[in-house]
Amino acid sequence: MKECRILKSVKSGRGHISFHTPGHKGGGALGGVLKICAEDVTELSYTDDLSSPYGPIAEAQADIAMICGAKRAFITTDGSTSGVLSMLYAVKDRGGKIIVPRNSHISVWNACRLLGIEPVIVQGEERGGVLLPPDGDKVGELAAKDGDIIGMIAVSPDYYGNIAPLEKYAEAMHACGKVLLVDGAHGAHLAFEEERAGYAGVYADAWVDGAHKSLPALTQGAAVLINDLSLEEGIRQGLGIFRTTSPSYPIMASVEFAYKYLDARPEDIARAKQAAAQFRERFPDFRFYHSADWTKLCLDCAASAADSRIVAEKLEKSGIYAEFADGRYVVFYLSPATTAVQLIVLGRRLTKIFRSRGVRGTYVPAGRLPAPARTYSYLYALSRPSEFVEPEQAVGRMAACNAGLMPPCIPVVAAGEIISEEAARALKGAHTFGLKDGKIQVVIKNEG
């Protein structure tokens, strides 16, 4: 395994007398319960500076870029969000619009709002109740006919493990001189697949890896990576705006460690993938969503007529926690750290749950996510006077916010879209976001 330069630097100063931040001073009362305090330091002469790296951080970022096949890499301790914001900041002057899949993360929508970029929303087909990535030909047609479109920010893989047709997206964008950005928050592990299959970095001009989601890294550890160096300066500036000025050194060190550990230990990935395959063989009665990403194990509870949220609650009572449950699927996120024993315990517990009373017969099918018939400007709708109304009273009105189902927080309706009866019904459910006291925000009629 290659040397972890950031970790080495922070450990080299252990035990020094601190008259600097953070306030725990490397120990104290907090150090008695959190051993990591000894490595939780700040910008010192030996630790380097993430905002302007020259030593161990610069060397670590260069190593990560090499491992991922990128030209540049930047560590962020703010999760993928600051990376998404920085990528869009870098391209904001190239046009006024960008293609955005409906199932994009909230950070994409917020970036468009903050930077004044109009999202051109594209919705894919639906399979098994899950939105698929939008069609590459459709995306290409949009990009080719509108010169104000900057390019596309894709999401791949998504929450359910669907991997977008990135090769087609890249061909379509590059054919008309536009950029392909990728929110790859859930796909950092794909950098270690054979020939990096499915990895955003094979096709994207810039992308974000959420290292903490599927690599052995601490929460909020991520990386922004670049293939197109014309984006470098803009992304540097964006990171200077959106990244914290007090980055966590333990998180930084964990990001470097995660990439270097798996680069040196590919057998850990092979072992976890094998355990996932054996789990499916051992429990053949379970039905799963057809995911292209082995780390997303999506158990289809509709096959057992069970509400997946009830199943997830029962699992928690025995100390087993899933990533989320959406009513139909319980979604388990695996990683190279997942063990065969853990999966066997999960399978046995699930078997008991499906045999227990009060589980079967609880599933209620959800309606399809409707594609709005009419759409106005996202930015316009956000800027207009608005009011909150009951969903059924919002039919035919223009949404003044994004609202949808959670998890996984995909908008049923986005700001600027006309709310349909189907959308209003979907938003009457108990598991929603973007509503206030059950009401949705709409543009005031005489303003629409």
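Predicted, not measured: the structure shown is a model, and the values here were computed from it. Numbering starts at 1 and runs along the sequence shown.
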Query - Distance-minimising heavy-atom pair for Ala258 and Pro216 - result: CB-O, 3.6 Å
Query raised in the report: Is it true that Lys439 and Asp437 make a salt bridge, defined as a side-chain N closer than 4.0 Å to a carboxylate O?
Result: no
Query raised in the report: Judged by modelled atom types alone, do Ser377 and Glu118 share a side-chain donor-acceptor pair under 3.5 Å?
Result: yes
Query raised in the report: Has the side chain of Asn402 got a donor or acceptor atom that lies under 3.5 Å from a matching backbone atom of Ala415?
Result: yes
Query - Electrostatic pair Asp293:Lys296 at N-O distance under 4.0 angstrom - result: yes
Query raised in the report: Hey, is Lys428 close enough to Glu392 for a salt bridge, meaning N to O under 4.0 Å?
Result: yes
Query raised in the report: Would you say the side chains of His290 and Arg127 form a donor-acceptor pair under 3.5 Å?
Result: no
Query raised in the report: Should we count CD1 of Ile106 as having more than 12 external heavy atoms under 6.0 Å?
Result: no
Query raised in the report: Is there a donor-acceptor pair closer than 3.5 Å between any side-chain N or O of Gln274 and the backbone N or O of Arg271?
Result: no
Query - Side-chain donor-acceptor pair present, Thr295, Ser214, cut-off under 3.5 Å - result: no
Query raised in the report: Taking atom CZ of Arg349 as the centre, does the number of heavy atoms from other residues, nucleotides or ligands within less than 6.0 Å exceed 12?
Result: yes
Query raised in the report: Is the closest side-chain donor-acceptor distance between Tyr199 and Asp209 under 3.5 Å?
Result: yes
**Report entry** Any donor-acceptor N or O pair under 3.5 Å, side chains Arg355, Ser304
**Finding:** no
Query raised in the report: Between Glu267 and Lys273, is there a side-chain N and carboxylate O pair less than 4.0 Å apart?
Result: no
**Report entry** NZ/NE/NH1/NH2 to OD/OE distance under 4.0 Å, Arg236 and Glu232
**Finding:** yes
**Report entry** Trace of the side chain to side chain contact (heavy atoms under 4.5 Å, CB included) decision for Leu435 with Phe388
**Finding:** CA-CA 9 Å; Leu435 276 67; Phe388 286 89; over 6 Å; no
Query raised in the report: Would you call Arg102 and Glu417 a salt bridge, using N to O less than 4.0 angstrom?
Result: yes
Report task. Verify the distance criterion only: is there a donor paired with an acceptor across the side chains of Tyr160 and Asp326 at less than 3.5 Å? Result -> yes
Query raised in the report: Under 6.0 Å between the ring centres of Phe279 and Phe283?
Result: yes
Query - More than 12 heavy atoms of other groups within 6.0 Å of Glu421 CD - result: no
Report task. Show the numbers, then the answer: is there a side chain to side chain contact (heavy atoms under 4.5 Å, CB included) between Tyr289 and Tyr329? Result -> CA-CA 8 Å; Tyr289 179 76; Tyr329 299 99; 3.5 Å; yes
Query raised in the report: Heavy-atom count around Glu316 CD within 6.0 Å, excluding the residue itself: above 12?
Result: yes
